[in-house]
Amino acid sequence: MKISILKNVLNESIQHVSKAISSRTTIPILGGIKLDVTHQGVTLTASDTDISIQSFIPVEDDNKTIVQVEQPGSVVLPAKFFVEIIKKLPSQEVQMEVKEQFQTFISSGATEIQMVGLDPEEFPVLPDIEGNQTISIPGALLKNMIRQTVFAISTQETTPILTGVLWNLENDDLKFTATDRHRLATRSAHLEGTEEVKFSNVVIAGKTLNELSKIVPDQNALVDIVVADNQVLFKLDRVLFYSRILDGIYPDTSRIIPTSYKTELVLDTKKLSESIDRAYLLSREEKTNIVRLQTMENGGIEISSSSSELGKVREELDVIDFKGEPLRISFNSKYMLDVLKIVESEQLMIAFTGMMSPIILKPMDDSQSSYIILPYRTTN
């Protein structure tokens, strides 16, 4: 194998695929990035068995030569060193040559590097995914749906299925659900042209979706998603992102979502967020994060928290709208702030069915999102 390639294009591809490399792998070959060179271009691949990412660099793009191929071939190079060294090379052009025993020589400007390569035949073969269950979604929408749900996944590996986000598609409606049993986030979107595609119980690990989100461009370019029995493939321009579907059945969360409320409040999202953030500073010191919210006779609400060492904080907030019964409720302020950070609506509805019933949060100008936080039982 012998090529000359533009450094910035090679580096961009390396950054994409390196997101699939685990630092904890016990299989040496998985600590590397595989390069396959043909006369059409260079394909880079990395995998940790849960996710695999492949990036293609064409020989030419927009009539500009990116890669000059002198001799096709393949090699696997240790990612830890390869990722860092390419970024730091002095010249805009990089020459690479693989000789006997996969010894790889990289030169750029006056810099010459010799790397010990590995046999590409030992690298795992990527799954072959059939394309009968395919949907397309704008990249910006996909990133938003991930951001507005992934924060609610469980971090406890004891229940692996809850470390992922549930995907369901039916009647053109794609729905994401995430819960850690203390809170729940849902986000839906209507997709045109998916009438014949339907799937349920597709659960993708939250950390995988976070990595995917870093690669998806912010523009509205479409991302094609292919769903198979135990794998999902995301196609983004010249990048293929494979993810394993988590094993197990996701719990039915529909039963915990109330359809009628005893109390409804509409509040200014920013003011509520700032108020709870101040109360959180004290509740955090108690290691409980407990903040209290109660309705007041004047129609407003009171936000309060206390610390046995630091004191108390109490604040009154005006309410835009109030319906129903008076209420006093306690909740985990960090969970509430996690929701408020990702709500884009200026106004938020908070609804309750009672002191120990789920707290419902709904952005006023976004009917596609809803959030639930379970309250705390407190003695005062």
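- Defined by atom type and a distance below 3.5 Å, a donor-acceptor pair is missing between the side-chain atoms of Asn168 and Ser200.
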Report task. Please lay out, stage by stage, how Asn8 and Glu12 fare under the test side chain to side chain donor-acceptor pair (under 3.5 Å). Result -> CA-CA 6 Å; Asn8 62 331; Glu12 185 182 5; over 6 Å; no
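- Panel note: side chain Thr159, backbone Ile161; no donor-acceptor pair is recorded below 3.5 Å.
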Query raised in the report: Given Ile360 and Phe352, is the side-chain contact (heavy atoms from CB on, under 4.5 Å) satisfied, shown in steps?
Result: CA-CA 6 Å; Ile360 317 298; Phe352 313 88; over 6 Å; no
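- With salt bridges taken as basic N to acidic carboxylate O contacts below 4.0 Å, one links Lys34 and Asp36.
- Between the side chains of Ser370 and Thr186, at least one donor N or O lies within less than 3.5 Å of an accepting N or O.
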Requested in this report: May I have the step-by-step check of side chain to side chain donor-acceptor pair (under 3.5 Å) for Ser333 and Ser283, ending in yes or no?
Outcome: CA-CA 8 Å; Ser333 52; Ser283 66; 3.2 Å; yes
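- Between Met145 and Ile137, the closest side-chain pair of non-hydrogen atoms falls below 4.5 Å.
- Under a hydrophobic clustering in which Ile, Leu, Val, Met, Phe, Trp and Tyr are joined whenever their side-chain heavy atoms come within less than 4.5 Å, directly or via other members, Ile3 and Leu89 fall into the same cluster.
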Query - Ile51 vs Tyr242, side-chain contact (heavy atoms from CB on, under 4.5 Å): CA-CA, chis, key distance, verdict - result: CA-CA 5 Å; Ile51 65 171; Tyr242 297 79; over 6 Å; no
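- The backbone N or O of Pro217 sits nowhere less than 3.5 Å from a side-chain atom of Lys143 that would complete a donor-acceptor pair.
- In summary, Asp318 and Lys271 do not engage in a salt bridge, as defined by a charged side-chain N under 4.0 Å from a carboxylate O.
- Residues Leu240 and Leu212 fall into different hydrophobic clusters, defined by Ile, Leu, Val, Met, Phe, Trp and Tyr side chains chained together at heavy-atom separations under 4.5 Å.
- Both Ile303 and Ile329 are members of a single hydrophobic cluster when ILVMFWY side chains are connected at heavy-atom separations under 4.5 Å.
- Heavy atoms of other residues, nucleotides or ligands lying less than 6.0 angstrom from NZ of Lys235 number 12 at most.
- Leu348 and Leu374 fall into different hydrophobic clusters, where Ile, Leu, Val, Met, Phe, Trp and Tyr are joined by side-chain heavy atoms under 4.5 Å apart, directly or via other members.
- Between Glu170 and Lys198, at least one side-chain nitrogen of the basic residue sits less than 4.0 Å from a carboxylate oxygen of the acidic one, meeting the salt-bridge criterion.
- Side-chain contact between Gln15 and Val83: present, with at least one pair of heavy atoms (C-beta onward) separated by less than 4.5 Å.
- The residues Lys270 and Glu346 are annotated as not salt-bridged, no charged nitrogen and carboxylate oxygen being separated by less than 4.0 angstrom.
- Taking CD1 from Ile153 and CG from Leu209, the interatomic distance works out to 8.0 Å, rounded to the nearest 0.5 Å.
- One distance of note links CG of Leu126 with CD of Gln231; it measures 9.0 Å at 0.5 Å rounding.
- Side-chain contact between Thr269 and Leu340 is present, with heavy atoms from C-beta onward closer than 4.5 Å.
- Looking at heavy atoms from C-beta onward, Ile57 lies in side-chain contact with Ile5 at the 4.5 angstrom threshold.
- Between the side chain of Asp338 and the main chain of Lys341, no donor-acceptor pair closer than 3.5 Å is present.
- The side-chain heavy atoms of Asp119 and Ile29, taken from C-beta on, include no pair separated by under 4.5 Å.
- Annotation: side-chain contact (heavy atoms from CB on, under 4.5 Å) contacts of Glu264 (sequence neighbours excluded): Tyr261, Lys323, Met349, Ala351.
- Between Val226 and Phe234 the shortest side-chain heavy-atom distance does not fall below 4.5 Å.
- For Asp61, the salt bridge (charged side-chain N to carboxylate O under 4.0 Å, His left out) criterion is met by Arg238, not counting sequence neighbours.
- Between Thr43 and Gln54, some side-chain heavy-atom pair lies under the 4.5 Å cut-off.
- Criterion: ILVMFWY side-chain heavy atoms under 4.5 Å apart, direct or through other members. Under it, Ile245 and Val197 are part of a common hydrophobic cluster.
- With hydrogens and angles ignored, the 3.5 Å screen pairs a side-chain donor or acceptor of Arg183 with a backbone N or O of Phe151.
- The side chain to side chain donor-acceptor pair (under 3.5 Å) search around Ser52 returns Ser47, not counting sequence neighbours.
- Considering CD1 of Ile290 and OG of Ser306, their distance stands at 9.0 Å, rounded to 0.5 Å.
- No side-chain donor-acceptor contact under 3.5 Å links Ser188 to the backbone of Lys175.
- With rounding to the nearest 0.5 angstrom, the CD atom of Gln95 is 4.5 Å from the OG atom of Ser4.
- For the pair Asp48 and Ser22, the tightest heavy-atom approach, listed with the atom from each and the gap, is CB-CB, 3.9 Å.
- Distance check, rounded to the nearest 0.5 Å: CZ of Arg187 to CG of Leu174 gives 9.5 Å.
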Query raised in the report: Between Leu118 and Phe102, does a side-chain contact (heavy atoms from CB on, under 4.5 Å) hold up when you go through it step by step?
Result: CA-CA 6 Å; Leu118 299 169; Phe102 303 105; over 6 Å; no
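- Proximity of the aromatic rings of Trp167 and Phe176 is defined here by a centroid distance below 6.0 angstrom, and this criterion is met.
- The environment of CG in Asp229 is sparse: at most 12 heavy-atom neighbours from other residues, nucleotides or ligands sit within 6.0 Å.
- Remark: Glu211 does not engage Lys19 in a salt bridge, criterion side-chain N to carboxylate O under 4.0 Å.
- Across all their heavy atoms, Ser254 and Asp252 have their closest contact at OG-OD1, 2.6 Å.
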Query raised in the report: Does the side chain to side chain donor-acceptor pair (under 3.5 Å) test come out yes or no for Ser55 and Ser13, once each step is laid out?
Result: CA-CA 6 Å; Ser55 177; Ser13 268; 2.6 Å; yes
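- A donor-acceptor pair under 3.5 Å links the side-chain atoms of Thr263 to the main chain of Glu325, judged by distance alone.
- Looking only at distances, a side-chain donor or acceptor of Ser18 sits under 3.5 Å from a matching main-chain atom of Ile14.
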Report task. Decide yes or no on salt bridge (charged side-chain N to carboxylate O under 4.0 Å, His left out) for Lys7 and Glu93, but give the supporting numbers first. Result -> CA-CA 5 Å; Lys7 182 184 90 169; Glu93 204 162 278; over 6 Å; no
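- In Arg181, the CZ atom is not crowded: 12 or fewer heavy atoms of neighbouring residues, nucleotides or ligands sit closer than 6.0 Å.
- Applying side-chain contact (heavy atoms from CB on, under 4.5 Å) to Leu44 and the options Val239, Val17, Ile53 leaves one that passes, Val17.
- For Lys99 and Phe105, the positive end sits near the middle of the six-membered ring, less than 6.0 Å away and at most 45° from its axis.
- Looking at Leu246 and Ile204, their side chains never come closer than 4.5 Å, going by heavy atoms from C-beta outward.
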Query raised in the report: So Asp366 and Ser369, side chain to side chain donor-acceptor pair (under 3.5 Å) or not? Walk me through it.
Result: CA-CA 6 Å; Asp366 177 11; Ser369 303; 2.6 Å; yes
Requested in this report: Report the C-alpha separation of Leu272 and Ile350 in whole Å, then their side-chain angles, then the decisive distance to 0.1 Å, and conclude whether the side-chain contact (heavy atoms from CB on, under 4.5 Å) test is met.
Outcome: CA-CA 11 Å; Leu272 177 65; Ile350 305 182; 3.6 Å; yes
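- With hydrogens and angles ignored, the 3.5 Å screen pairs no side-chain donor or acceptor of Asn332 with any backbone N or O of Val291.
- Classification of Glu60 and Lys64 as a salt-bridged pair fails, no side-chain N sitting under 4.0 Å from a carboxylate O.
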